[in-house]
Every structure is written in structure tokens, then in C-alpha cells.
Amino acid sequence: MRWAQDLRRHSVGDLATVEEQLFALMLLIRSVEAAIERTHRAAKITGSFHSSLGQESCAAGVSLALRDDDIVTSNHRGHGHAVGKGVSAEAVIAEMFRRTNGSSGGRGGSMHIHNRSVGFYGETAIVGGGLGWASGAAWTRKRHGSDAIAVAYAGDGAFANGIFAEAIRVADFWEAPCLFVCENNGWAHSMPSDGVFGPAGSITNVVSAMNVRSEFVDGRDAVKVYETGCELVEYVRTGKPAFIEVAVHRVKAHSVNDADYRYRPKNEGAEWLREYDPINSLRASIRVEQQHAIESAVSAVVDEALEAASNGALPETSDALRGIYATRGLGWDGRAEIR
Amino acid sequence: MRWAQDLRRHSVGDLATVEEQLFALMLLIRSVEAAIERTHRAAKITGSFHSSLGQESCAAGVSLALRDDDIVTSNHRGHGHAVGKGVSAEAVIAEMFRRTNGSSGGRGGSMHIHNRSVGFYGETAIVGGGLGWASGAAWTRKRHGSDAIAVAYAGDGAFANGIFAEAIRVADFWEAPCLFVCENNGWAHSMPSDGVFGPAGSITNVVSAMNVRSEFVDGRDAVKVYETGCELVEYVRTGKPAFIEVAVHRVKAHSVNDADYRYRPKNEGAEWLREYDPINSLRASIRVEQQHAIESAVSAVVDEALEAASNGALPETSDALRGIYATRGLGWDGRAEIR
Amino acid sequence: MRREVWAGMAALRFVDAVRQALADEMEADESVILMGEEVGPLGGVFTVTRDLIERFGPDRVMDAPLAEASFTGFALGAATEGMRPVVEIMFSDFVMIAMDQIVNHAAKLRYMTNEQFDVPIVVRLPGGGGSNHGPQHSQSFESWFAHTPGLIVAMPSNPSDGYWMMRHAIQLNDPVIFLENKAMYFGAEQEVADEPPADPWAAAVPREGSDLTIVSAGRMVGRCLSAAESISTRGIDCEVIDLRYLWPMDVDTVFTSVAKTSRLLVVSEAVEFCGWSGEVASRVAKDAFTSLDAPIFRVGALRCPIPVGVALEDEIIPTVERIEQAVVDCMDF
Amino acid sequence: MRREVWAGMAALRFVDAVRQALADEMEADESVILMGEEVGPLGGVFTVTRDLIERFGPDRVMDAPLAEASFTGFALGAATEGMRPVVEIMFSDFVMIAMDQIVNHAAKLRYMTNEQFDVPIVVRLPGGGGSNHGPQHSQSFESWFAHTPGLIVAMPSNPSDGYWMMRHAIQLNDPVIFLENKAMYFGAEQEVADEPPADPWAAAVPREGSDLTIVSAGRMVGRCLSAAESISTRGIDCEVIDLRYLWPMDVDTVFTSVAKTSRLLVVSEAVEFCGWSGEVASRVAKDAFTSLDAPIFRVGALRCPIPVGVALEDEIIPTVERIEQAVVDCMDF
Ligand SMILES: Cc1ncc(C[n+]2csc(CCOP(=O)(O)OP(=O)(O)O)c2C)c(N)n1
Ligand SMILES: Cc1ncc(C[n+]2csc(CCOP(=O)(O)OP(=O)(O)O)c2C)c(N)n1
Ligand SMILES: [Mg+2]
Ligand SMILES: [Mg+2]
């Protein structure tokens with residue numbers, strides 16, 4: 001994985017255990033989120049973004065269960081999914097800064113990270129919008145003889161929209177090897193998840209009743225996420241969809257400018273983190289020197305990424321109209337360019 | 001109920017038992033469908049229609065469980081739902097003939113039967129389109145202090161579309177007193193229901209898992225449909241949604257012009273009917289003279305309706321543009337009419 | 001329309017004007033309810049419904065699950081039964097998910113049912129660019145709705161219209177698509193007129209002029225006024241018309257103006273190609289043809305997705321400079 | 001475009017021409033697949049895909065569950081991975097349910113991802129009136145798609161174009177909205193050209209004339225030709241242009257014609273108000289203004305839902321008579 005290589009450059013040895021790997025990846029994701037938040041505060045970014053801080057176990061556990069040639073689609077809260085799949089921290093942060101070294105050349109921003117070469121097909125800013133993409137792409141790979149699979153991440157809010165169950169149904173019908181990951185962080189913006197679905201795990205019950213293999217995992221235990229992820233990924237490789245609901249906690253506000261104190265207690269996120277931080281929970285199983293090695297490598301990687309992202313060029317305004325169509329001669333005004 | 005009064009005019013005495021009522025209503029619905037099919041053959045109708053012949057137990061069982069002030073929305077296969085709720089056979093058939101005595105003045109046709117005065121809010125030609133309507137309307141009645149409820153009919157095909165589960169979820173969230181009736185006739189046009197969902201009853205499992213009260217009934221037993229309908233209607237009157245899946249059989253082709261022999265055995269419908277006809281199954285529990293009285297009354301009612309429908313005036317073409325807007329002065333060209 | 005007089009603060013921002021209109025209609029009529037994602041305790045992502053739940057309670061300010069199609073359908077059902085739901089689609093782009101309920105149902109229900117049902121619903125669509133939200137959060141769909149029989153399409157350009165047009169929309173017995181431009185919400189405060197306009201449907205003429213008529217709506221009206229102002233220093237005197245409604249469309253006011261100026265420029269934030277500016281241009285090319293001394297110019301968004309970042313966006317959505325240039329080109333003819 | 005030569009029967013109905021194009025592309029390219037409701041054993045409600053499943057198997061002719069949004073999204077996914085899905089939305093009206101996947105995703109994916117993904121998908125939309133299917137089964141949404149950046153909008157008017165334009169559409173690497181008029185499917189057989197047009201995007205001129213230019217597309221082209229024929233007996237010689245594509249739109253052919261005739265009428269089955277006819281009219285009012293000797297006329301559907309029944313429909317959708325009248329009015333100017 002790209003991120004592991006990045007860390008190795010900063011003298012972390014091999015990440016020998018699953019715990020070390022999870023720890024390293026989760027820390028990297030969190031550090032990227034923290035860096036983005038910091039730079040946002042310093043006004044390097046305008047516009048919004050959605051932090052996955054505190055939810056890292058889902059992205060990390062699932063990502064570690066995947067192969068390089070697997071495909072991922074994600075949602076608006078996708079920085080962790082991207083990093084986990086191997087999008088460089090630089091490309092993520094630079095996209096946030098809208099630089100040409102961003103993963104979409106700086107024209108997408110926070111909700112439009114795409115990196116085909118590492119299989120991160122990408123985010124979408126429409127809740128539930130990427131589910132068909134993942135399953136159609138995975139189904140094609142299978143058809144072409146590959147056992148690569150796709151993972152489609154979406155939130156609990158997405159499950160309130162019919163598209164989620166519908167996409168699972170269609171994937172099941174056509175036997176698309178797609179793992180649907182429902183990251184239940186307790187909220188769809190200001191709408192509490194349990195008010196819509198009942199307690200965490202309720203969504204899994206529904207998908208189970210659809211006769212699609214489904215598991216519910218408490219995301220405070222990253223190792224458990226990884227293990228269940230591996231099981232399901234293995235099952236999906238046999239050519240069927242599956243579903244996993246991971247209960248996580250949205251530590252930060254919905255998006256950077258969200259007045260979440262209006263609908264949940266102030267500091268609720270921070271308090272949860274103090275008590276349950278899944279990254280901290282991993283420490284016990286990792287040697288202290290290795291923890292430090294990882295920490296300093298992560299911080300070096302993120303510093304480098306921030307630096308590189310900041311130094312990226314802004315897109316030329318003359319570039320604004322490029323690439324709407326693949327067809328030769330079709331630009332924004334079509335006909336005029338054809339002739 | 002309107003239809004019972006109609007029958008009484010033709011010297012059927014009171015329909016004393018549930019069986020008699022079900023028998024009479026089912027026979028009426030079937031006779032209306034048959035009349036429509038006959039007249040279509042005789043080219044009185046152009047355009048398509050969807051027969052509910054053979055599926056009458058669902059419309060009849062549910063309708064008998066309802067009150068006059070309850071609300072019904074329906075789908076493209078709604079003739080039975082309409083008649084059951086009290087739309088006159090004349091208004092149904094005349095709408096098919098596109099006459100002004102049709103329930104939508106002849107501008108809607110088969111898939112657009114609406115009769116507010118009897119609570120038949122009506123059909124929609126978009127699969128799944130009427131579910132929100134029913135629940136929003138029922139919720140409003142409740143809010144205004146009534147214990148009237150709504151019934152929203154839809155097919156198994158509709159459940160493949162996310163909108164069905166989504167609408168149930170929203171109705172549950174806002175506690176709309178709406179009974180969702182899934183008429184599982186084994187097919188969504190040429191798509192076999194079990195290929196998508198598994199055997200009949202599978203849809204009920206999904207809705208059950210959503211923590212919405214749900215029942216599955218075999219529609220060959222009209223009395224059972226009625227009894228379960230009554231239970232659920234009573235429950236819904238307390239102010240919550242519920243769900244019922246009724247397994248019925250689509251005896252006819254999907255629509256009148258459908259080449260169903262291409263995807264299912266010829267005569268499959270007729271054979272099923274011979275064996276399982278839910279109307280026939282009721283006969284044993286009804287005195288023979290009463291059967292005959294009902295049969296001749298039904299046939300008289302339908303003959304009258306056909307006659308009246310045929311004699312209805314066609315809409316004036318000058319009427320084509322009437323009624324787009326409620327706002328005074330707003331016709332199709334708006335501004336021009338305002339001034 | 002109930003002709004209540006506005007007795008609030010003299011000047012409001014657009015966001016506050018819309019909120020005030022919602023509050024005043026809710027106060028006046030119990031059947032007015034708000035539905036949408038985050039409209040409750042959060043008060044909407046753009047704060048349009050802020051504090052309304054405290055005032056009117058959760059029974060009237062209803063946070064909806066993330067299900068645009070279903071809550072719009074639910075609102076339609078409530079509307080047929082006597083409520084006056086105001087539905088917020090958080091970003092107009094998400095309305096794609098509710099299109100069936102709006103276009104196939106709400107817009108047609110009255111006609112299809114032979115006038116048995118009215119659908120007094122307002123669908124609020126915060127849209128357009130200028131707020132750095134990227135390609136799936138910046139679109140301008142007003143032309144689509146103007147094209148759709150059965151809908152009324154309101155597109156206010158300033159706080160006073162934000163207030164009075166919203167009140168009007170809520171009182172109408174037909175479905176209204178109410179386009180709010182996100183980038184206008186937190187603009188300058190502006191006085192809200194004491195009374196609604198005598199003719200609620202009439203276009204406004206925020207600037208009179210004799211040389212050229214600029215027709216616009218929504219956020220672009222401000223840019224047109226800036227362009228007119230700036231170009232006046234070059235001795236060109238533009239009249240600016242704010243359509244206010246795309247349907248019904250007050251073409252008479254346009255004709256009157258073109259009869260005076262003989263020149264027309266139409267400016268839309270929506271994509272120019274097959275957009276509503278073509279309707280204005282075509283109507284003039286038909287019914288005011290003999291008034292014209294020059295070709296009809298249009299400036300609209302280029303037919304390109306909207307990238308994130310205002311610098312790129314400015315290449316696509318009309319700027320004051322592009323508007324000025326079009327005025328000059330038209331005058332040069 | 002692969003310039004295969006058509007070697008089939010000399011004359012086909014529209015429905016058969018489209019089917020033949022699908023079959024020929026499927027034959028030529030394994031990545032072409034069909035998806036949609038009833039496209040399999042039934043062969044589509046309009047028989048467009050009839051017998052194709054027997055020939056190409058269920059792996060390539062894929063009956064989809066009733067889930068327009070999801071199967072369109074699935075097709076998009078397959079397209080990004082190298083397939084060339086042709087998606088049938090049974091009636092164009094149902095596309096409302098798939099709008100998000102088409103407009104927010106398929107149309108923008110290439111641009112948003114900085115050209116990392118192409119979406120070679122064809123969305124077939126049988127639409128329009130004339131088949132007695134009522135208000136939710138008779139709409140003409142072409143103007144919307146023409147307005148949407150990222151889409152190509154094909155609208156054939158005859159069997160030969162039905163054949164060649166479909167083949168072209170499938171070969172393109174961009175999303176194509178392919179509008180098929182239901183009422184055309186079972187019309188007269190017509191010869192299919194041996195080869196595709198040299199310029200696939202060019203408008204056609206099925207009738208030359210010197211007095212007035214009529215621009216149309218899809219089913220209305222036939223009505224325009226009838227009107228032109230009938231009016232020629234009164235000594236008026238109309239040129240008829242068939243745009244074929246609404247985007248890209250071949251306005252040059254329109255300009256050339258108007259330069260000759262000095263008069264323009266644009267006819268659409270789509271609602272006239274804010275429809276694509278306004279684009280054609282506006283372009284001429286801008287770039288061919290000096291050619292014009294008369295106002296620009298348009299005839300399109302009135303802004304009203306389509307009732308069931310052709311008698312009522314004829315009050316709304318352009319008839320040959322209304323087209324003739326517009327020609328006369330324009331000539332009388
Ligand atoms: C179709 C659609 N509706 C609404 C939104 C606005 N929105 C963005 S994220 C979000 C909440 C999503 O909740 P969930 O799916 O649980 O993801 P989370 O933010 O909790 O990670 C909402 C309402 C959107 N982007 N798309
Ligand atoms: C959104 C939508 N998609 C497709 C159709 C076309 N269509 C009409 S009925 C039907 C099958 C519906 O199946 P089901 O819901 O089970 O009802 P049934 O016809 O079996 O009574 C289809 C595909 C439609 N009307 N609306
Ligand atoms: Mg969530
Ligand atoms: Mg069915």
C-alpha cells in the first residue's frame with residue numbers, strides 16, 4: 001500500500017502485526033484530517049469539508065482487507081477511505097487546497113477526491129450516489145475474469161434514502177462482487193441515526209432480511225473491523241455482494257462550519273474520544289518504540305504532504321473548460337469546436 | 001359502501017356475512033375487469049390497461065376493512081382498488097373510455113382514476129409514486145384530530161425500487177397512519193418476483209426488520225386477507241404505519257397488449273385460476289340462491305355501468321387546457337391570461 | 001394575497017428576509033409547515049430556518065430523514081389534505097432525487113385529477129454558484145422548472161422580493177419552485193418594502209435606461225446592475241429588468257422596454273444553451289421584432305460543470321465583465 | 001465511427017432500425033450490453049430489443065429490477081470499467097427517477113475526476129405523445145438534457161437516422177441521451193442509408209426551399225415536411241432542417257438556410273416555453289439577425305400536461321395545421 005511505503009521512507013520498519021498496521025493507518029488518517037482542519041482554520045481552504053476524525057477504524061479496517069486492484073467508491077466524508085486505499089496524503093490535501101497536484105487537479109475539492117490508478121474511484125457529493133458505480137464496476141471486473149471486488153462506503157443517512165437498499169438489491173440480483181460498507185456514525189448531519197433506524201445494528205437487520213450476507217461491528221475495535229472485513233471480502237470475492245455496518249462516532253461537527261452545538265451537547269465528540277478512542281485502544285498491543293516510530297513517521301509524511309500541497313500550482317483559469325467530453329472536438333460549445 | 005348500495009338496487013338483500021360481502025365485491029371487480037377487456041377487444045378503448053383479474057381478494061379484503069372516510073392511493077393496476085373504495089363502476093369504465101363521466105373527466109384513462117369524494121385519491125402511472133401521497137395525507141388527517149387512515153397499494157415491482165422502503169421509513173418516522181399494501185402477484189411485468197426477492201413473504205421479512213408491523217397473507221384466502229386487514233387497520237388507527245404483503249396471482253398478461261407468452265407459459269394464468277380461484281373458494285360458504293342473487297345483481301350493475309360509460313360525452317377539445325393551475329388567471333400561458 | 005404590511009426591521013439580508021417570510025406565514029396560517037433535512041434544531045445549513053423550531057415547535061418545523069423523494073411526496077400528500085408545506089431541498093442539486101414527485105406528480109396532479117386536488121406546496125431550492133461547493137452543489141436548474149407545465153417558478157433577486165415572493169408563494173394553491181441563490185443569502189442588508197407589489201407577478205425595473213434592455217433574474221440581477229452602472233460612465237444607459245418569476249413570465253414589461261431601447265441582452269446564471277434566456281430572446285424576436293435595432297445578445301453560464309473555486313467558476317458563470325462586454329458588443333452593432 | 005456499411009434489408013420501420021443498430025453494435029463489440037426493464041425475454045414494451053436475448057444471451061441483454069436509479073448507476077459503473085451499456089428507460093417519463101445518476105454523475109464524472117473516467121453509456125428514452133399513454137407517459141424532456149453540460153442529445157427523426165445515430169451513440173465515449181419517439185416506432189418503413197453520414201453531427205435538410213426555414217427534430221420533422229408539402233400548393237416553398245442532435249447543435253446549417261430564406265420557424269414536440277426551440281431562435285436572432293426579414297416563429301407544445309387521448313393531445317402538441325398556420329403568419333409579415 002502506498003501509505004505504508006510512505007511511512008517506510010520515514011524509517012518505520014515493516015508493520016509486522018495487524019495492530020501496527022491499523023494503528024499506523026488510523027493515525028495517518030487522523031493526522032491528515034487534523035492537518036486539513038488546521039489549515040482550514042488558517043484560511044488556506046475555503047468551502048466546506050467533512051472530517052472523519054474518530055471514525056478511522058472503519059476506513060482502516062476495511063482498507064487493510066483489500067487488495068491494490070480492488071475498487072473503492074466513497075462519499076462526502078471520504079478522506080480516510082482515500083488514504084486507506086492509497087491516495088497520497090499530498091493528493092488529498094492538495095485537492096482540498098484546490099491545487100493541480102490534488103487528486104482531481106484541484107477542480108473538485110473535498111468531496112471530489114478521485115484516483116483511478118490506486119483504485120480509489122472516488123467520492124461523490126451526493127449521498128448514496130456512488131453505490132451503483134461501485135457495483136457496476138465490480139461486476140465488470142468479474143465478468144472480465146478478475147476476482148477484484150469493489151467497496152462502496154456510505155453513511156447511515158444514506159440508508160434512509162431508498163437508493164441504498166435498492167443498490168444492494170440490484171447488486172445481489174446481478175451478483176456484483178461489491179461490499180457495501182455502512183459507516184454508522186450516529187448522525188446524518190443533525191439527524192440522529194437511532195431516531196430513524198433504531199439502535200446501531202438495526203440497518204444490518206434490514207439488509208440481512210434481504211438475504212444478503214451482513215455483519216454488524218462495533219468500530220471501537222479496529223481489529224474486529226479488520227477481521228470481519230477480511231471475512232466478508234473473501235466472501236465477496238466468490239462473486240456476491242455483502243454488507244457491513246460499522247458503528248463509529250462522529251467526533252467532529254458534520255462539516256467544518258457546522259453549528260453542531262445546536263443539536264448535540266458541546267464537546268460530546270471530544271468526550272467520546274477521550275473515553276473510547278479506537279487508536280488509543282490499539283496502543284496496548286504495540287511496543288512503545290514502534291508507536292513512537294510510527295507517530296514520527298506519520299507526522300513527517302503529513303508535514304511533507306502539507307508542504308507539497310501548499311506549493312502546488314493553482315489551476316489555470318484557462319483550464320476551467322477542459323475535459324467535459326472524451327469525444328474529439330466536443331468542448332463546452334460542441335459544434336463550434338468540431339468544425 | 002357505494003358498491004353495496006349499487007348491488008342492493010338490484011335486489012340483493014343485505015350482505016350478511018363477510019363471505020358474502022367479499023364474494024360480491026370480488027365478483028364485481030372481476031366483472032368490471034372483464035367488461036373492460038371485452039370492450040377493449042371491441043375497440044372501444046385504445047391505449048393500454050392493466051387487469052387485476054384474479055387478484056380481487058387483496059382489493060376486496062382490504063377495502064372491506066376500511067371506512068368511508070379513509071383514503072386510498074393506488075397504482076397502475078387500480079380498478080379493483082377503486083371499485084372497492086367506492087368509485088362507481090361507471091366512473092371507472094367511463095374513464096377507460098375517456099368520457100367526461102369518467103372519474104377524471106376522461107383526461108386520465110386507465111392509470112388515472114381519481115375520486116376524492118369517496119376517498120379514492122387515486123392511481124398513479126409511476127410505480128411507487130403514490131406512497132408518499134398516502135402517508136402525507138393520512139398524517140394530516142391525524143394531525144387534524146381524525147382517526148381516518150390511508151392505504152397505499154403498490155406491487156412487488158415497486159418494492160424493488162428504493163422508494164417503497166423509503167416511504168415506509170418516512171411514514172414510520174413521522175408516525176403517519178398509513179397501511180402499505182404490497183400486492184405481490186409474482187411479477188413486475190416480465191420480471192419474476194421470486195428472482196428479485198425470494199419466495200412470497202420475503203418482502204414482509206424486510207419490512208419487519210425495519211420494525212414496522214408487517215404481515216404476510218396468502219391471497220387465495222380472501223377471508224384471511226380481510227381479517228388481517230382489519231387487525232392492521234385497527235393498529236394503524238392508533239397512529240402508526242403498518243405493512244401487509246398479499247400474495248396474489250396475475251392471471252392476465254401485464255397489460256392488455258402484453259406478449260406474456262414470451263416470458264411465461266401460455267395459459268399459466270388461466271390454469272391457476274381454474275385451480276385456485278379465490279372467488280370460487282368462497283362459494284362453499286354462501287347459500288346458492290344468494291350466490292345467484294349476487295351474480296345477477298353484479299351483472300346488472302356492470303351492464304348499466306357499461307351502458308352509461310358508453311353514452312358519456314367525450315371531452316370537448318376546447319377543454320384540453322383547463323385546470324392546470326388553481327391560481328386565478330394562470331392558464332397554460334400564464335401571464336397572457338393574468339392580464 | 002393577504003396584503004399584510006411588513007412591520008419588521010427596515011433592512012434585512014436575503015437569508016433573514018426569507019426566514020422572516022416563513023415565520024410570518026407560519027404565524028398567520030397554522031397549515032404552513034416546514035420540512036427538510038436539518039431545518040429543525042440546526043436551522044438549516046444556510047440558517048434560513050434558524051430558531052423557527054423554537055418558536056413553532058417540531059410539529060411544524062420538521063426535520064426529515066435523508067430521503068428527498070419521500071419527504072417531498074409526503075409533503076405533496078399533506079398539501080392535498082390542506083397543509084401548506086414548504087419543503088427545503090438543502091442544495092438544489094439534490095432535487096434530482098425528488099424530480100419524479102415534483103414533475104410527474106405535484107406539477108400534474110391538479111390537471112390529471114380533473115381539478116380534484118390542489119397541491120399548495122413550496123419547494124425551496126438553494127442553488128447556483130459562488131459558494132465553493134463544487135460541481136454537484138452549484139447548479140442552476142430554473143430553466144427546467146420553467147419548462148414544466150404545472151409549476152410556478154419564483155426567483156427573487158433581493159431581500160424585499162425574498163420576503164414578499166415567499167409570502168406569496170406560500171399563499172398560492174399551486175406548486176411553487178422557489179429558487180434561492182446561496183451566494184445571495186449573506187449579502188448586503190436591504191430594505192424590505194412595506195407592502196407587496198400591487199401586481200405580484202410583474203417584473204421589476206430596478207434601473208431605467210434608454211439605450212439597451214438587460215433582462216435577468218436572481219443573483220445575476222445584481223451583476224447586471226453593476227455592469228449597467230459601470231458602463232454608464234461610457235455613456236451607455238441600460239435599463240435593467242428583473243423578471244422575478246420565470247413562470248409566469250412578464251414578457252410585456254420586456255416588450256415595453258425594448259420598444260424604448262431597441263436592444264436586448266438577456267443574462268442568466270443558468271447554462272445559456274437551451275436555458276430560459278432563450279425564451280426571453282425568442283419572445284422578443286417574435287413579438288417585438290420590429291423594435292429591434294440590433295441582434296439579441298445573451299450571456300449565460302457556459303455549458304460546463306461548475307468546478308469548485310470561484311476563480312474557475314468565473315470562467316463559466318457570467319461576470320460583470322462579460323455582461324459589460326456583451327452590452328458593448330450589442331451597442332457596437 | 002467505424003464506417004461499416006449497412007447490408008441489411010432496404011427498408012425498415014423505426015423500431016426495427018433501432019433494434020438492428022443495437023444488434024450490429026453488439027455483434028461488433030462485446031462490451032456493448034443492454035439493460036433495462038423487460039428488455040430480455042419480452043423484448044421491451046415497444047419490441048425494440050425483441051429476440052436480442054436469444055441471440056446474445058442474458059449476460060448481454062439484462063432484464064433489470066424495477067429500479068431506474070440503481071440500474072442506471074450500475075450501468076455507469078460498468079461504463080467506467082470498459083463496458084458500453086445501453087440503458088432503456090421504458091418511458092422517458094420514468095427517467096425522473098434516474099436523474100441524479102444521469103445529471104449529477106454520468107454527465108459530470110469525466111470533468112469532475114479531471115478526465116480519469118469516461119462514461120460511454122447510452123440512455124434510451126422512448127418519449128413524446130401520440131400513443132395514448134397519458135400525462136405521466138408522454139413527456140418530451142429533450143430540452144432539459146440539451147441544457148445539461150456533459151451530455152450528448154440525439155433525436156433521430158427517421159429509420160435511417162435511428163440506425164446510424166444509434167450506432168454512433170454506442171461508439172461514443174461520452175454519455176448520450178437517445179430520444180426515441182414512441183409514436184414513430186411503428187411508422188412507415190424507410191430505406192436505411194448504406195453508410196453513415198460523412199459528418200455524423202450535421203443537421204439534415206430533408207427538403208430544400210427558398211421562402212422560409214423550418215427547423216425541427218424527432219417526430220415533428222415529419223409533420224413539418226407534411227406542412228411544407230401542403231403549403232407548397234399555396235406557392236410557399238419551405239426548407240426543412242432536421243437537427244438530429246440537440247447537442248451538439250448544428251446551428252451553421254440553420255444560419256446558411258436562413259441566409260437564403262430570411263425567415264425562420266422552429267417546431268418542437270417539447271413544450272415551447274423555455275424549450276430548445278428558443279435556443280435555435282435565439283441563435284438566429286443573434287448571429288443571423290441581419291438575414292431576417294420577419295419575426296422568428298416557434299410552434300411547440302403548449303405548457304400543459306398531456307392528457308390521454310389524441311384528440312385532446314392535438315390541442316397541445318403541434319399539429320400539421322398549427323405548423324402551416326405559423327408558416328402563413330410568418331410569410332404574411
Ligand atoms: C442526496 C443528498 N441529500 C442531502 C445531502 C446533504 N448532506 C450531505 S452529508 C449529509 C448527511 C449524511 O449522513 P450520512 O450518510 O450518515 O454520512 P455522514 O455525514 O454521517 O458521514 C447530508 C444530509 C447530500 N449531499 N445529498
Ligand atoms: C417508475 C416506473 N418504472 C417502470 C414503469 C413501467 N411499469 C409499469 S407497471 C410495471 C410493473 C410493476 O410491477 P408491480 O409493482 O409488481 O405491479 P403489477 O404490475 O405486478 O401489479 C412496470 C415496470 C412505471 N410505470 N414506473
Ligand atoms: Mg452518518
Ligand atoms: Mg407485481
Side-chain angles (χ1 to χ4, degrees), chain B residues 45-48 76 95-98 102 104-112 123-129 155-164 188-193 195-197 254-255 257-264 314-324 331-334, chain D residues 36-47 49-51 53-54 58 62-71 73 90-91 93-98 100 130-139 271-273 300-317 319:
Chain B
I45 306 177
T46 58
S48 195
H76 55 285
E95 188 57 38
M96 221 77 41
F97 289 4
R98 296 198 230 109
S104 305
R107 54 164 58 167
S110 165
M111 296 188 285
H112 296 282
E123 299 183 305
T124 173
I126 305 290
V127 168
D156 50 292
F159 202 80
N161 197 297
I163 193 75
F164 203 152
H189 201 157
S190 69
M191 173 63 77
S193 169
V196 179
F197 307 106
H254 170 70
S255 66
N257 293 318
D258 180 40
D260 65 334
Y261 58 85
R262 295 185 67 91
Y263 59 83
R264 68 172 184 179
L314 290 166
E316 299 289 331
T317 54
S318 61
D319 207 41
L321 300 165
R322 174 182 47 79
I324 310 171
W332 70 271
D333 58 350
Chain D
E37 293 154 14
E38 323 345 312
V39 297
L42 180 63
V45 291
F46 299 109
T47 74
T49 58
R50 185 157 281 188
D51 294 333
I53 194 169
E54 282 78 10
M62 298 166 60
D63 260 345
L66 209 165
E68 286 83 0
S70 292
F71 70 69
M90 185 190 296
F91 284 73
D93 312 66
F94 312 156
V95 78
M96 292 299 100
I97 293 172
D100 172 61
S131 67
N132 269 323
H133 279 94
Q136 294 172 324
H137 281 62
S138 304
Q139 295 165 88
V271 167
E272 182 177 310
F273 192 89
L302 305 189
R303 198 170 173 282
C304 179
I306 308 291
V308 78
V310 170
L312 295 182
E313 208 177 278
D314 275 350
E315 298 295 307
I316 296 164
I317 290 177
T319 55

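Residue numbers start from 1 in every chain, and the chains themselves are labelled A, B, ... in the order their sequence lines are given, proteins ahead of strands.
Put simply, of D:Asp63, D:Ile306, D:Leu312, D:Asp93, the one with the most heavy-atom pairs under 4.5 Å next to chain B is D:Leu312. Note: B:Ala160 leads B:Ser255, B:Gly106, B:Ala158, B:Ala160 in heavy-atom pairs under 4.5 Å with chain D. Between chain D and the options B:Gly108, B:Ser318, B:Gly323, B:Ser110, heavy-atom pairs under 4.5 Å are most frequent for B:Gly108. Interface summary for chain B: among D:Ala311, D:Cys304, D:Ala67, the most heavy-atom pairs under 4.5 angstrom belong to D:Cys304. With chain D as the partner, the residue from B:Ala259, B:Ala188, B:Gly162, B:Ala320 showing the most heavy-atom pairs under 4.5 Å is B:Ala320. Listed options B:Asp319, B:Val196, B:Asn161, B:Leu314 were ranked by heavy-atom pairs under 4.5 angstrom with chain D; first place goes to B:Asn161. Comparing D:Val308, D:Asn132, D:Val271 by heavy-atom pairs within less than 4.5 Å of chain B, the highest count is held by D:Val308.
Contact of D:Leu302 with chain B is made through backbone and side chain together, with heavy-atom distances under 4.5 Å. The part of D:Ala64 that comes within reach of chain B is its backbone (N, CA, C, O), which places non-hydrogen atoms under 4.5 angstrom from that chain. Within the 4.5 angstrom heavy-atom criterion, only side-chain atoms of B:His112, from C-beta onward, approach chain D. Contact annotation for B:Ile126: both backbone and side-chain heavy atoms come within less than 4.5 Å of a heavy atom of chain D. When heavy atoms are compared at a cutoff of 4.5 Å, B:Met191 approaches chain D by way of both its backbone and its side chain. For B:Ser104, no part lies near chain D; criterion is any non-hydrogen pair under 4.5 Å.
In terms of the side-chain contact (heavy atoms from CB on, under 4.5 Å) criterion, residue partners of D:Glu272 (sequence neighbours excluded) are, by chain and number, D:Ser277, D:Arg298.
Looking at heavy atoms from C-beta onward, B:Asp258 lies in side-chain contact with D:Leu42 at the 4.5 angstrom threshold.
Judged by distance alone, the side chain of D:Gln136 and the main-chain N or O of B:Ala125 form a donor-acceptor pair under 3.5 Å.
For D:Glu54, the CD atom sits in a packed shell: over 12 heavy atoms of surrounding residues, nucleotides or ligands are nearer than 6.0 Å.
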Please test B:His254 against D:Glu38 for side chain to side chain contact (heavy atoms under 4.5 Å, CB included), starting from the C-alpha separation and ending with a verdict.
CA-CA 11 Å; B:His254 170 70; D:Glu38 323 345 312; over 6 Å; no
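Counting all heavy atoms, side chain and backbone alike, B:Ile324 lies closest to D:Pro305 at CG2-CD, 4.0 Å.
One distance of note links NE2 of B:His189 with CE of D:Met90; it measures 6.0 Å at 0.5 Å rounding. Remark: B:Met111 CE to D:His137 NE2 distance equals 4.0 Å, nearest 0.5 Å.
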